[in-house]
Each structure stands twice: as structure tokens, then as C-alpha cells.
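The next block holds one structure in the form of C-alpha cells; read it before the comments.
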Amino acid sequence: MEQEVLAYLNSDGTIVDTQTAAQSGEPETIIPFDNSEKALEVIRHSTAHLMAQAIKELYPDAQFFVGPVVDEGFYYDFRVSEKIGEEDLKKIEKKMKDLIKKKYKIEKYEISKAEALEKFSQDDLKLAVLSRIPDETVSIYKQGEFEDLCRGPHVPALRYLHNFKLTRVAGAYLGGDENAEMLTRIYGIAFADKASLKAHMLMIEEAKKRDHRKLGTEMELFMFDEASGAGLPFWMPKGARLRSKLEDILTSSHRRRGYEPVRGPEILRADMWRTSGHYACYGENMYLTEIDGQEYGIKPMNCIGHIQIFKQTGKSYRDLPLKYFEYGVVHRHEKSGVLHGLLRVREFTQDDAHIFCTPEQIKEVVLEVVEFVDAVMKKFDFDYTMEISTKPDKAIGDDDVWELATQGLKDALSDNDLPFGIDEGGGAFYGPKIDVKITDALGRKWQCGTIQVDFNLPERFNVEYVAEDNTRKQPVMIHRAILGSFERFIAILTEHYAGEFPFFIAPTQVIFVPISDDHVAYAKMLKNLLTEEGIDSEIYGKNDSLNKRIRLAEKQKVPYVAILGDAEVENKTVAIRDRRAKEQYNLTQDEFMVKLLHQLKEGKI
RNA sequence: GCUGGCAUAGCUCAGUUGGCUAGAGCAGCUGUUUUGUAAACAGCAGGUCGGGGGUUCGAGUCCCUUUGCCAGCUCCA
């Protein structure tokens, strides 16, 4: 069967649509009508136009801004006088289907920029688009009565656009500027065939099932309380069990790597935040209060506390690198609209550390932290990428110091063949950083760990150590977090494992189901044994049928359900339902304990 | 913060165009049953319909306001 030509591909990788090819000649490579990356790009772009056409028919006063293809489909930004809600999407979809039935071809013609300015003189949004185009000639695409300024590429005709779905409607600032007018944005997705669209929608449904907010409520891990305030998480017993296991594992791994635990106060005088630069550069995110007529700030970061502790006693070059760590509770005023389950909250705990070292030690220290990050990521089967962020607009310190610090980070990664991207202007106000971004099961990226090089705060706080030549020198500070925050990390863990946590952090690790009351005593004895070893278990001995209790136990997503009846009591064994292996088997009590203790040790990092 | 939407029992949801005492399943509690691998049976209890104000003879339902949540924008661990 001959493939349908959707568009063509130039040797330089650019897409040439059939309309353009008709004018300038056909490149050799064709893009067939399928779900390849290039084909989808064209299909989705044209679907965005089709949507615009439908919107224009339904809302004649609509004016359109831009309608690009993005990772998750496409969108179009536009202005209308009417309010558009989710239920209107159906109406627009229907109109789009109607338009396809009219069998419009998509035609292209070119006009000069001057003609375009004249043509769209009544449309300030299109004029805004035009102002961003440097070319002297612009192209117009036309389907039926609908015309749009566009550089393409597009499919040849509307009949290629059957398989789409409008997914959501939202506001979006014109040009992404927070201070600009807000337009209406509608997102959609499109594929070459129906099955792929269906599969995509199914994938979205699956993703919703592992949403940590849903699982967190179902599994009673954490909660939020409307009356208590937005963005302030409460850890329920099961969530707190999980979290404390994670904390314990991580505490050991820090101690093993030579970190010293410290702890600073939750609140410090505002003058400290003025000295550090937080007041000027981070003040919008800080909670301030007054005590006895003096201004105080609740800490949004832990660095100041650690600096004071460092300064309290004299330090020698022999002490460096010196690593202080703290599970630091921080408060940050996040805008109300960005709060999102445990992924964005206003109070959270960082697995924070500050490493004081000499400039010469930067590279080795950074590498050691990178190794630490890698060990933790591997333990939880996470894929991750690294990104170096450079000096932001709001920053303290001289450019050459920034350059030095940034180069230090780059060298550390480059010299060890560790790949990284660059985020220009994304650094912290006191120094550049390496961000560690976890790719979750759904391909989304989350910033978690971070490694920041800071020459500025040591200078501002006059931090010193005595060097080998008996002079006083200023150390460099490396700010770093591995998980980032327990809140965000646990949210990602929950979604990554769909609630089925590995044994060494599972909130409940074993559920015992005694078959009848006669077996409860044996269950209690085993539970005590496990408690002694720091393993959490529960006994499902309620007055329910055996089948029901097994069902309830299984729904808890625990690693092991152990059934105990006459045979088990008599032979000192347990009948296991193993969640990970998805099988059932019998073990002696001793084998059971050995197996669990072994799996507990798997948590060592 | 902005745009649009949502808010009914611990959880998931019903509740006609405003009209009797707001319903169901699961979870909870009580009892009967004592179970061998994913829902035994019966009963009980549970709600200021997010909060406040208003319109109306009458509001879960309409209006205003406020809090929280959801989707995105902008920002970030």
C-alpha cells in the first residue's frame, strides 16, 4: 500500500509542507501520514488551526495570538469576550468535526509584511505576532473562510485531522509576561489514528490513578486541612512511618560520608537576612514577624544557621572540607496558585547540608556529592539528568566570582564525562548550581537535588579558617540537597511506585491475617518480633471473613501479607503472599525473619 | 498572584426547572458466624450540603463575598 504524503523533510531536518512544496519543489524525503515525531508535529499544528477556525465560527469576536505544538500536544491562545469553560470544549470539538466534513483543503499564499500589517491592522494580537517576525514576506494559510498568519507547516487538507481531543482550557499571559493581559488557552492532542489517541487518553487515566494526592489520601499517608491553611502538609501515622524510614536511611548514609548533624533555629532576626541578602533577593518568599519590637524572619533556607555554627569555634584548614547536615524545616511563601499536593507546599523539610571547603577542594567535593546523589537515585530506580544554572538577575557578588564558581561546577562534571544541560539565569541568588532532575514513570521532570557553589555568603558573614601558612582565609560553601525535600521526594516516590513502596520504606511492611481467633496470639508474637527489628506490621484480626481480610490487606499495597492458621501455628511457619514476586509460598518463622532483615538492609545507601 | 472551573458523611459519588424529614456504596461501630487465600449475614451510627451574607413564603440548588481544591499561566525543593 502506498503511503500518503503528509509533508516532506528537508535535508536540514526542517519540514516542508505540500503547499510549500508545490511552489518551491518537493524534497526527496517524504513524511508519511503516521505517528512519527515529524508527522505529529504537522498534524497537531494543523489541528490547532482547525480548533481556531471552530472557535472563530462559534465566537465571532475571537482574536488569535499563537498556536504552537508543544510536548504534550498543541494549544492556541486567543481573546474572546465570552467565558469559555470545560463544557464548551465539547461544543468546539463538534464544530471541528463539522468543519472536517466540509472537506476543506488547506491553502497557502504569501504576502509582504507591509500587506500583512495592513491586513491585520484591526487585530492587535496578530500585529504583536507580526512584530516578532523579522522576515519581509509572511505566509497566510487558508481553509474555507478561515485565514491565519502562520509559517506552517500544515497537512494538505482537514481530512487528516480526525483523531484529536481538546484536553483543557486555561488562562495564559500574553507572551508569558505576568504583568500582561491574560488570554484564553485551549490545549489539545492529536494523532494520526484513532487507536493512538485512545491509548494516549488511557495513559492519562493511568497517570491519574498514581497521582500522589489520590494515593496519599487513600493510603492515609498525609493530608491538608482547609481550616489550617493552604500548602501546609500534615503527616498521618502511615506517612510519618514512611518518612521516618527514609530519614533514618539517609541519616546513616550521611554519617557514613562524614557529615556532622547540626541544627539551627527556625527563626532569626531580620538583620541576619539583610546581611545574607535574603531580605533583598528572597524577601517576597519570606514570612516576617515581630518580637519585642524587633523584626524577625522565619527561615526559608538553612545556610545562615550553619554559618553561625561554623563561626562559633575556630576552624583550621585541617577541618576542611567540613560537612554540616540538617533536616531543615523551611517556610517559603509560594503563590497560592502554584501549590500542588506535596510537590509544592509552603512548609517543607530539606535534606540540607553545607560543606565548607577551600576553592581547590570544590571539584572533589562536588564530585563526591554527585556520587551521593547517584547512589540515592539508583536505590530508588530513578532516572535523572543534571543541569547547571548560571547567574540570575537578582544576585549578590561580582561577576568574576560567579564565573569562577560556575566554571568549577562545569569542570567537575566535564572532567568526569557526566552530561549536563545549561539553564541560563536559573541559579540561586548567592551562587550557581547543579540541579538534579528526576524523570518519573510518566516522563515528567522534577527538580529535587541541588548542588550550589557559594563564594558570597562566606564573605558577607566573614567566615574564616586558619590556613597552612597561618593566615586567615575564606572558605567556599557548597550548599546541597540530595532528595531536595522530603515532601516532594515522597510525592515522586509515591507516583513512581504507584504506592507499592520497596520493603525498606513501606509504611506497613507486613500484614498478618490470622484465620481465626485461635491464631491471633501467634500473629501478635510475630508482630513483636518484627517490632524489635524495626519492621512495621499490622494484624487483620477483625470479625470479617477470611477472604475479605485478605482482600483488604492486599489493597494496602504492603510488600507481604502473611496468612496464619493451624498449620502455621503448629509448624512455626508463615504462608506468604509476596507482592513483588506476585506469588504465594510458605516459609519457616526463621526463614521469614532472615528474608525480612535482608530486605531491610537493601535500604542501605 | 492571574484566568477558568469545582466544593454534599472519613472516602467515592446521587440529589429533577428552588418545594416534604438530604440518599447510596465503601470505611466505622454492634451482634450472629470462626473462616485456608481478593467482598459472610443482620443492625446501628454518621451531614450547620466548605464559612459568612443576601434574594425568596421556601435555598444543597439563585446572587455576593470568603476559604480551600482542580487545570493551566507566572515562579520554584
Side-chain angles (χ1 to χ4, degrees), chain A residues 72 75 77 79 82-89 167-187 208 211 213-214 217-220 223-232 236 282 284-285 300-301 328 330 332-352 389 426 428 433 435-438 446-450 479 481-489 491-492 513-520 541-555 561-568 575-577 584:
Chain A
E72 277 302 296
Y75 67 78
D77 283 351
R79 178 197 289 144
E82 279 180 75
K83 286 179 180 177
I84 296 187
E86 297 279 346
E87 66 278 11
D88 298 312
L89 296 184
T167 48
R168 47 188 166 247
V169 54
Y173 296 112
L174 200 162
D177 178 357
E178 200 177 351
N179 301 310
E181 172 193 3
M182 183 159 272
L183 303 175
T184 301
R185 172 176 297 180
I186 295 180
Y187 282 91
K208 280 186 188 159
D211 189 311
R213 293 167 298 185
K214 185 178 156 69
T217 305
E218 276 174 19
M219 299 177 70
E220 299 178 352
M223 54 175 266
F224 290 90
D225 175 47
E226 179 180 337
S228 302
L232 303 171
M236 298 163 81
Y282 205 74
E284 289 169 359
N285 289 299
M301 298 182 193
V330 295
R332 296 182 184 175
H333 180 72
E334 300 290 347
K335 290 175 182 173
S336 60
V338 306
L339 302 174
H340 186 90
L342 285 183
L343 286 166
R344 279 303 281 290
V345 289
R346 286 179 172 159
E347 191 234 61
F348 56 99
T349 306
Q350 295 179 305
D351 59 328
D352 206 1
S389 300
K433 58 180 185 172
D435 281 329
V436 179
K437 300 196 173 183
I438 295 179
W446 295 99
Q447 188 190 323
C448 292
T450 183
H479 306 236
I482 308 285
L483 308 184
S485 78
F486 285 95
E487 285 73 10
R488 176 171 289 180
F489 194 76
I492 298 170
V513 180
I515 288 177
S516 79
D517 292 347
D518 298 340
H519 315 116
V520 171
K542 242 183 40 176
N543 186 13
D544 278 321
S545 68
L546 177 66
N547 279 341
K548 178 157 182 178
R549 285 178 290 137
I550 288 171
R551 176 183 152 83
L552 290 177
E554 282 293 342
K555 284 180 75 171
V561 174
I563 315 294
L564 308 173
D566 285 340
E568 285 72 27
I576 300 290
R577 293 174 69 106
Q584 299 176 23

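Computed over heavy atoms, backbone and side chain alike; hydrogens, waters and symmetry mates excluded. In the text below, chain A, chain B and the rest are named by the order of the sequence lines, each starting its count at 1.
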In whole Å, measure the gap between the [atom1] atoms of [N] and [M] for me.
N     : M     : atom1 : result
B/A24 : B/G46 : P     : 13 Å
B/A71 : B/G53 : P     : 32 Å
B/U61 : B/G4  : P     : 22 Å
B/C11 : B/G47 : C1'   : 14 Å
B/C57 : B/C20 : C1'   : 15 Å
B/C62 : B/C49 : P     : 15 Å

Going by modelled atom types, is there a donor-acceptor pair between the base of [N] and the side chain of [X] at under 3.5 Å?
X        : N     : answer
A/Glu568 : B/G36 : yes
A/Arg168 : B/A71 : no
A/Ser485 : B/A77 : yes
A/Asn543 : B/U32 : yes
A/Arg332 : B/C76 : no

Side chain of [X] (C-beta onward), nearest among [options]:
X        : options             : result
A/Ala575 : B/U74, B/A77, B/U37 : B/U37
A/Ile515 : B/A38, B/G36, B/U3  : B/G36
A/Glu226 : B/U74, B/G50, B/A39 : B/G50
A/Arg344 : B/A40, B/C2, B/C75  : B/C75
A/Leu546 : B/U74, B/G36, B/A77 : B/G36
A/Ala230 : B/U37, B/C69, B/C73 : B/C69
A/Arg185 : B/G72, B/A40, B/A77 : B/G72
A/Asn547 : B/A71, B/U74, B/U37 : B/U37
A/Ile550 : B/U37, B/G50, B/A40 : B/U37

- Message: For a quick check of understanding: with a heavy-atom distance under 4.0 Å over all strands, which category does A/Lys548 fall into, base, sugar-phosphate or nothing?
- Response: sugar-phosphate
- Within the structure shown, what part of the strands sits under 4.0 Å from A/Ala567 by heavy-atom distance: base, sugar-phosphate, or nothing? base
- Taking NZ, NE, NH1 and NH2 as the nitrogens, is one of them in A/Glu72 or A/Arg168 under 4.0 Å from a carboxylate oxygen of the other? no
Under 4.0 Å between a side-chain N/O of [X] and OP1 or OP2 of [N], yes or no?
X        : N     : result
A/Lys214 : B/C11 : no
A/Ser336 : B/G1  : yes
A/Arg213 : B/C70 : yes
A/His340 : B/A71 : yes
A/Tyr187 : B/C73 : yes
A/Lys433 : B/C76 : no

- Judged by nearest nucleotide, the residue sitting upstream toward the 5' end of RNA chain B, A/Arg549 or A/Gly484, is A/Arg549
- Taking for A/Tyr282 and for A/Gly565 the nucleotide of RNA chain B with the nearest heavy atom, the one nearer the 5' end belongs to A/Gly565
- Note on the structure: By the Watson-Crick or G-U definition, both distances under 3.5 Å, B/A42 is matched with B/U30
- Does A/Phe348 stack onto the base of B/A77, taking stacking as ring centres under 5.5 Å apart and planes under 30° apart? yes
